[in-house]
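Sequence lines set the chain letters: A, B, ... in the order given, protein chains first and strands last, and positions in each chain run from 1. In what follows, every heavy atom counts, from backbone to side chain, and hydrogens, waters and symmetry copies are set aside. Since the structure is predicted, the reported quantities are computational estimates derived from the model, not experimental observations.
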Protein chains: 2
Amino acid sequence: MPFQAFDTSLESRPIRDIAYEQLKHAIITGQIPAGSRIVETVYADQLHISRTPLREALRKLERDGLVEYVLHRGVVVRAFTIDDIDEIFTIRNAMMMLILPSVVQNATAEKIQELRDILKQMDAEYERADAEALAISNRLFHGTMEHISDKLRILRVIDSQEEYIKRFQATTIASVVRRTNAHQEHHDMVNLLEKKDLDGLKILFQHHFEESKETCLSAVREKKLIEINE
Amino acid sequence: MPFQAFDTSLESRPIRDIAYEQLKHAIITGQIPAGSRIVETVYADQLHISRTPLREALRKLERDGLVEYVLHRGVVVRAFTIDDIDEIFTIRNAMMMLILPSVVQNATAEKIQELRDILKQMDAEYERADAEALAISNRLFHGTMEHISDKLRILRVIDSQEEYIKRFQATTIASVVRRTNAHQEHHDMVNLLEKKDLDGLKILFQHHFEESKETCLSAVREKKLIEINE
DNA sequence: ATTATATTTATTGTATACAAATTTGGTTTC
DNA sequence: GAAACCAAATTTGTATACAATAAATATAAT
């Protein structure tokens with residue numbers, strides 16, 4: 001079976017959304033490599049669904065920019081370039097700068113505690129060098145931080161970029177030295193937030209993203225991870 | 001007929017895309033007001049197509065954030081708040097700041113001439129106070145300027161926000177005083193670009209968007225143009 | 001042999017059919 | 001008269017069927 005299915009069913013939820021999540025996951029993790037053509041019948045059979053909901057899922061992926069559509073030829077998984085990674089982190093950073101003021105302003109004691117709870121768990125994951133778990137917690141941490149601002153549209157932009165970052169996050173987290181620094185930086189973030197030090201946070205986040213980007217870029221350059229289109 | 005259809009057919013292009021464009025247009029122009037429920041059969045009949053391509057169009061609109069999906073209840077046109085407008089212009093401005101350096105760097109004589117040609121046409125439209133034509137030219141002008149940078153992902157973010165701005169652009173352009181100032185500013189932009197004055201451009205664009213936002217916000221507040229959800 | 005041209009096959013595009021769920025209206029019951 | 005319940009109608013969710021287009025293969029002509 002070309003890509004692993006994971007159960008997300010739970011209650012009654014349109015299977016087009018389940019298909020959407022699964023395909024997205026498979027693309028992000030590279031199970032379906034860039035350049036691959038997604039033939040509807042193949043994936044419909046694999047997911048044991050009909051073409052109708054699968055096509056609806058594809059239309060969503062199309063708007064997400066994860067796949068490209070060619071007339072009468074169906075969809076193809078889009079490739080990445082070094083420039084893409086650079087832009088993604090640039091956008092991410094700019095958006096963070098925009099919401100930081102309201103994050104500082106809205107940060108209640110409860111919210112800070114919530115962040116500390118996540119950090120506590122990350123400490124444990126860090127100790128046992130569980131990169132997989134750290135990747136998930138990392139997203140949770142950043143997501144929680146960002147959602148303290150209630151800038152819904154900006155969060156939406158961050159989310160859309162996030163999709164792409166995930167695709168390289170494994171690479172970034174794999175770097176031991178970066179993992180150590182990033183872990184310390186996460187602690188610093190919460191401390192600065194508690195002190196409501198906006199300027200300090202701005203500098204720290206800028207640094208945080210810059211380092212992540214560089215780690216990611218060098219890892220990608222070394223391993224030539226970027227897939228070539230067509 | 002609740003909303004006017006316009007012919008985009010031309011060659012062979014999936015009708016789901018035509019449906020998508022038409023629905024998008026109808027939502028942006030307010031022909032389908034916020035809060036409206038989009039019943040599939042109603043619009044499929046109206047567009048003389050079946051539900052299948054219509055649904056695919058809806059999935060795209062869903063990812064665009066123009067409509068909201070509720071389980072087993074279909075899609076509803078999303079409403080706007082004052083905060084939305086504020087965020088949209090904030091994002092727009094931040095993105096412009098990100099691409100301005102590469103716009104200045106990549107601006108060839110040809111590109112500047114292209115901008116001047118557009119300005120020439122806008123002069124005429126401004127003279128005869130053709131707000132409708134100005135709105136279109138305005139987008140062309142900004143779009144051309146932005147595309148001088150080849151930051152594809154950032155342009156994508158700008159584009160996605162643009163959808164929403166369109167919805168209020170008529171309002172902004174309708175203001176006579178804002179129209180005059182904006183028109184002058186457009187000329188200034190090209191002059192500064194020719195001089196490769198990055199700092200000047202940054203200040204001008206920041207001002208340009210700030211003024212547009214304020215005009216838009218006050219117009220909306222006065223006329224209570226914001227539609228209420230549910 | 002190579003090109004040109006049918007012919008078949010694979011795949012996407014659209015329509016229709018049916019199932020599942022929700023809403024609506026009415027009837028019954030207290 | 002209000003609440004609870006049942007039935008019909010509406011609407012979404014999914015599957016299937018068929019049409020249209022493109023790709024692949026085979027066949028024919030030079």
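Between the CG atom of D17(A) and the P atom of dG13(D) there is a distance of 9 Å, rounded to whole Å. Note: CG (L71(B)) to C1' (dT11(D)) measures 13 Å, nearest angstrom. Atom CD in E56(A) sits about 11 Å away from atom P in dA15(D), given to the nearest Å. If you take NE2 of H48(B) and P of dT14(C), they are 16 Å apart, rounded to a whole angstrom. When rounded to the nearest whole Å, the span between CD1 of I18(B) and C1' of dT14(C) equals 13 Å. Here the P atom of nucleotide dG13(C) and the CZ atom of R13(B) are 13 Å apart, to the nearest Å. Atom C1' of nucleotide dT12(C) and atom CZ of R55(A) are separated by 6 Å, given to the nearest angstrom. In this entry the distance linking CG of L58(B) with C1' of dT12(D) reads 11 Å, nearest Å.
A donor and an acceptor atom, one from each side chain of Q113(A) and D117(A), are located under 3.5 Å apart.
Below the 3.5 angstrom threshold, one finds no donor paired with an acceptor across the side chain of T41(B) and the base of dT10(D).
Judged by closest nucleotide on DNA chain C, R37(A) is the one of S50(B) and R37(A) placed further toward the 5' end.
Checked against dA15(C), dG13(C), dG13(D), the side chain of Y69(B) finds its nearest nucleotide in dG13(D). Here dT22(C) is the nucleotide among dG13(C), dT22(C), dT14(D) with the atom lying nearest to any side-chain atom of R73(B). Proximity note for V39(A) (side chain, C-beta onward) versus dA15(C), dG13(D), dT12(C): the nearest is dT12(C).
Comment: E56(A) does not engage R59(A) in a salt bridge, judged by the lack of any side-chain N to carboxylate O separation of less than 4.0 angstrom. Between E162(B) and R139(B), no side-chain nitrogen of the basic residue sits less than 4.0 Å from a carboxylate oxygen of the acidic one, so the salt-bridge criterion is not met.
In this structure, N93(B) CG and S212(B) OG are separated by 10.5 Å, a value rounded to the nearest 0.5 Å.
The side chain of R51(B) contributes no N or O atom lying less than 4.0 Å from OP1 or OP2 of dT16(C). Between Y43(A) and dT12(C), a side-chain N or O to OP1/OP2 separation shorter than 4.0 Å is absent.
Between F205(A) and H208(A), the angle of the ring planes goes over 60°, which puts this pair in the perpendicular group of the 30/60° scheme.
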